[in-house]
Undergrad: 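Please see the structure below; I have some questions.
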Number of protein chains: 2
Amino acid sequence: MNIGEIARRAGVARSTVSYALTGKRPVSEETRQRIQAVIEELNYRPNAAARALKEGRTRTIGLVIPPASQRLTDMQLGFVATVVDAAARADLDVLLSPSGGEHERSFERVVTGRRVDGVILMEIRLEDDRVTRLRQSGLPFVGIGRTSHPEDMTWVDVDYETLISQCVHHLADLGHRDIALVNRSAELVAAGYGPGHRAQAGFTRAVAQRDLHGVHACCADDAQAGLSCVERLLAEHPELTAIATINETAITGMYRALAQAGLAVPKDFSIAGVAARHLAENLDPPLTSADVPTIELGARAVELLIQRIADPGSPHRHLLAAPPISLRGTTGPARPRA
Amino acid sequence: MNIGEIARRAGVARSTVSYALTGKRPVSEETRQRIQAVIEELNYRPNAAARALKEGRTRTIGLVIPPASQRLTDMQLGFVATVVDAAARADLDVLLSPSGGEHERSFERVVTGRRVDGVILMEIRLEDDRVTRLRQSGLPFVGIGRTSHPEDMTWVDVDYETLISQCVHHLADLGHRDIALVNRSAELVAAGYGPGHRAQAGFTRAVAQRDLHGVHACCADDAQAGLSCVERLLAEHPELTAIATINETAITGMYRALAQAGLAVPKDFSIAGVAARHLAENLDPPLTSADVPTIELGARAVELLIQRIADPGSPHRHLLAAPPISLRGTTGPARPRA
DNA sequence: CCGGTTCGCCGAATCGGTTCGACCTAGATC
DNA sequence: GATCTAGGTCGAACCGATTCGGCGAACCGG
């Protein structure tokens with residue numbers, strides 16, 4: 001069921017079948033139809049490996065995701081879904097590679113075995129050796145996230161620094177003066193996880209600008225951790241009246257801790273954050289948050305990667321998203337705690 | 001940077017390099033080291049396409065997921081994560097293909113372009129033409145889920161029928177006599193979505209066995225739908241005191257509807273369901289549910305697929321998981337509603 | 001000293017496409 | 001009527017690996 005078989009049955013040369021399929025040279029209407037008929041009869045489809053070998057490209061992109069062991073956040077899932085979707089729309093397949101931990105081989109295979117034409121890299125650290133490896137391999141890539149030297153790579157990212165800063169300003173406008181930032185896990189931040197550091201920077205900046213009192217806390221990515229984190233914060237800092245957070249996954253736990261402490265949201269305590277819209281809207285009460293446009297960012301990442309593959313020498317482009325804060329049900333005027 | 005270049009620099013034939021790498025024929029220790037040195041110096045990795053072409057296999061498996069447009073449930077995500085993980089562990093890459101909707105081409109490419117050695121298919125309908133296509137293509141595949149004729153395919157699945165039946169029996173044991181089943185969306189059920197139908201069958205059976213009064217309701221996969229669905233159920237069936245459900249995504253909305261109706265869980269109203277453990281544990285109160293062992297099922301699916309690829313003629317195997325119900329905080333003795 | 005193994009390696013064929021040069025024919029141009 | 005052009009097709013080379021048959025050298029027993 002290869003191109004030779006088609007050619008034989010249609011009574012033409014293999015090259016003619018190829019041209020009939022690709023249209024790179026004219027083929028008479030009559031011949032084309034004869035070939036087409038045979039192809040449909042045998043349900044023939046060109047062998048992807050053979051084509052990739054000769055053409056030097058695979059029509060496949062790699063998507064490097066965090067390892068499965070650590071649960072993906074709603075936002076990360078949104079990225080994966082839209083990347084797959086956008087790629088399918090462009091007739092590209094997506095090869096998944098869990099990087100980090102024990103799966104080095106997977107990343108290595110994808111990067112170095114010419115299995116893909118380009119890579120989209122998620123969960124980038126400020127210093128990220130995967131970026132280094134990709135760079136020296138010459139494979140086109142786009143980051144969802146960026147390193148500390150973002151100039152010489154192409155990326156899309158969420159402007160956590162600005163967004164957390166805006167959250168703090170919003171809370172300050174409501175009269176809050178003692179605000180905590182609930183960050184992602186301590187390990188992630190220690191490992192140089194970009195959003196964690198940038199959120200902290202934005203928090204520090206805004207707190208200084210408004211002359212507030214800020215508390216920084218790390219929190220693992222699950223509801224249980226959110227609960228105990230906020231319990232601890234409330235105990236150690238009785239003056240707190242508001243939280244800003246980028247930790248989506250822990251939010252339900254944070255809600256629970258506040259409820260258990262007898263604090264009503266937003267009457268007694270306010271929360272503002274950065275989250276996927278879907279998540280924010282489905283919380284109870286719905287979260288006042290900057291809604292990360294995952295769909296747009298994911299699609300844009302694919303688009304940029306396609307451009308990069310087509311013209312690897314083109315200048316690097318960047319997209320920093322800073323969506324406005326959607327006021328929902330979790331922020332209100334400050335009220336001193338009992 | 002191909003095998004010829006390595007051969008040249010090492011002063012041997014290309015075939016020798018190949019044998020040194022694969023070990024399929026003996027190569028002297030000295031020659032092997034010389035070759036190895038060149039390989040490491042140039043950071044050479046064999047071209048995946050060329051190898052796939054010659055070997056006739058790609059060392060890649062396809063994972064067919066529901067289209068991104070419909071959000072994946074926690075359980076589905078669990079499957080994706082563990083499949084990717086298990087595949088990576090077996091040195092297999094995973095090609096993602098969103099099927100359904102507008103992405104027919106993606107599925108077609110994966111199935112028919114010999115891009116993968118086998119396929120794992122998720123979200124299977126009772127009658128599923130993707131199964132038909134896979135079957136006639138001769139490509140090995142494993143279902144996570146099964147059709148209405150499950151004998152002649154290999155699959156792993158969750159025994160929704162038994163599990164929902166057990167939920168009902170558990171609720172009946174607690175004295176509940178008026179129970180609703182909250183199913184997945186009406187469209188999904190109408191389209192012949194297996195879990196929906198099997199859950200309904202189990203529900204009907206248990207209700208009959210215990211001589212109960214059962215109400216069946218479909219509900220879209222989001223919190224908002226869960227809220228309005230339960231609101232409606234409470235209004236139309238004031239006698240209800242318990243819900244059994246397989247709709248993970250709608251559960252938070254269901255909680256909210258009960259709370260708004262002034263019904264405390266589990267004091268005034270009980271809920272039992274089938275869900276990913278992670279989700280059940282993180283609800284407030286934690287859900288009494290049969291915890292679907294996604295990790296085991298996903299890993300097993302990969303394992304079965306690998307066997308099937310190795311020996312396509314081997315008999316079909318099946319794994320039907322019926323985990324026990326974990327009693328958490330959402331079921332208690334029946335108490336007639338006001 | 002000779003026939004038979006074994007070891008280590010080479011050369012060539014092969015997988016299934018794409019692509020380039022060449023050829024033939026028919027119609028247009030002058 | 002000779003020359004040119006364009007359309008339509010063919011044959012062969014090529015992409016980068018794997019794999020099979022075979023060949024020379026070393027080694028063995030008789």
Undergrad: Output the rounded distance in Å from CZ (A:R57) to C1' (C:dT19).
TA: 14 Å
Undergrad: Check whether more than 12 heavy atoms from other residues, nucleotides or ligands sit under 6.0 Å from atom CD1 of A:I295, and answer yes or no.
TA: no
Undergrad: Is there a side-chain hydrogen bond (donor to acceptor under 3.5 Å, both in side chains) between B:S15 and B:R25? Walk through the geometry before answering.
TA: CA-CA 10 Å; B:S15 50; B:R25 277 196 190 179; over 6 Å; no
Undergrad: Can you establish whether the number of heavy atoms outside B:Q136 located under 6.0 Å from its atom CD is more than 12?
TA: yes
Undergrad: By nearest atom, which of the nucleotides D:dA17, C:dG17, C:dG8 is closest to the A:K54 side chain?
TA: C:dG17
Undergrad: Once you apply a heavy-atom cut-off of 4.0 Å, does B:G113 come out as touching a base, just sugar-phosphate, or nothing?
TA: nothing
Undergrad: To the nearest Å, give me how far apart CD1 (A:I35) and C1' (C:dT18) are.
TA: 15 Å
Undergrad: Are any side-chain N or O atoms of A:D117 and backbone N or O atoms of A:I61, one a donor and one an acceptor, separated by less than 3.5 Å?
TA: no
Undergrad: Output the rounded distance in Å from CG (B:L21) to P (D:dT18).
TA: 7 Å
Undergrad: Looking at B:S18, does any N or O in its side chain come under 4.0 Å of the phosphate oxygens OP1/OP2 on D:dT18?
TA: yes
Undergrad: Considering just the side-chain nitrogens and oxygens of B:N47, establish if one lies under 4.0 Å of OP1 or OP2 belonging to D:dG16.
TA: no
Undergrad: Remember a base hit wins even if backbone is also touched, and classify B:S28 as base, sugar-phosphate or nothing at under 4.0 Å, heavy atoms.
TA: sugar-phosphate
Undergrad: From C-beta outward on B:A13, which listed nucleotide comes closest to its side chain: C:dC10, D:dT18, C:dT18?
TA: C:dC10
Undergrad: For A:E5 and C:dG16, give me the distance from atom CD to atom P, rounded to whole Å.
TA: 11 Å
Undergrad: Whole Å only: how far is the CD atom of B:Q33 from the P atom of C:dC9?
TA: 12 Å
Undergrad: Strictly below 4.0 Å: does B:K24 bring a side-chain N or O up to OP1 or OP2 of D:dT19?
TA: yes
Undergrad: Counting the atoms with a prime plus P, OP1 and OP2 as sugar-phosphate, which does B:P46 contact under 4.0 Å by heavy atoms, base, sugar-phosphate, or nothing?
TA: sugar-phosphate
Undergrad: Check whether any side-chain N or O of A:T16 sits under 4.0 Å from OP1 or OP2 of D:dC10, and answer yes or no.
TA: yes
Undergrad: Report the distance from atom CZ of A:R32 to atom C1' of D:dG7, rounded to the nearest whole Å.
TA: 13 Å
Undergrad: Describe the nucleic acid contact of A:V17 in one word from base, sugar-phosphate, nothing, applying a heavy-atom distance below 4.0 Å.
TA: nothing
Undergrad: Toward the 5' end of DNA chain C, which comes first, B:R14 or A:R51, by nearest nucleotide?
TA: B:R14
Undergrad: Regarding C:dC20, can its base be found pairing with the side chain of A:Y19 as donor and acceptor, where the two atoms are less than 3.5 Å apart?
TA: yes
Undergrad: Can you find an N or O donor on one side and an acceptor on the other, under 3.5 Å apart, linking the side chain of B:R25 with the base of D:dG22?
TA: yes
Undergrad: Given 3.5 Å as the limit, does a donor-acceptor pair link the side chain of A:T112 with the main chain of A:R109, or not?
TA: no
Undergrad: Given atom CG of B:L53 and atom C1' of C:dT14, what is their separation to the nearest angstrom?
TA: 9 Å
Undergrad: Pick the nucleotide of DNA chain C nearest each of B:E29 and A:I3; which residue has the one closer to the 5' end?
TA: B:E29
Undergrad: Could you tell me whether the side chain of B:I124 reaches within less than 4.5 Å of the side chain of B:M153, counting heavy atoms only?
TA: yes
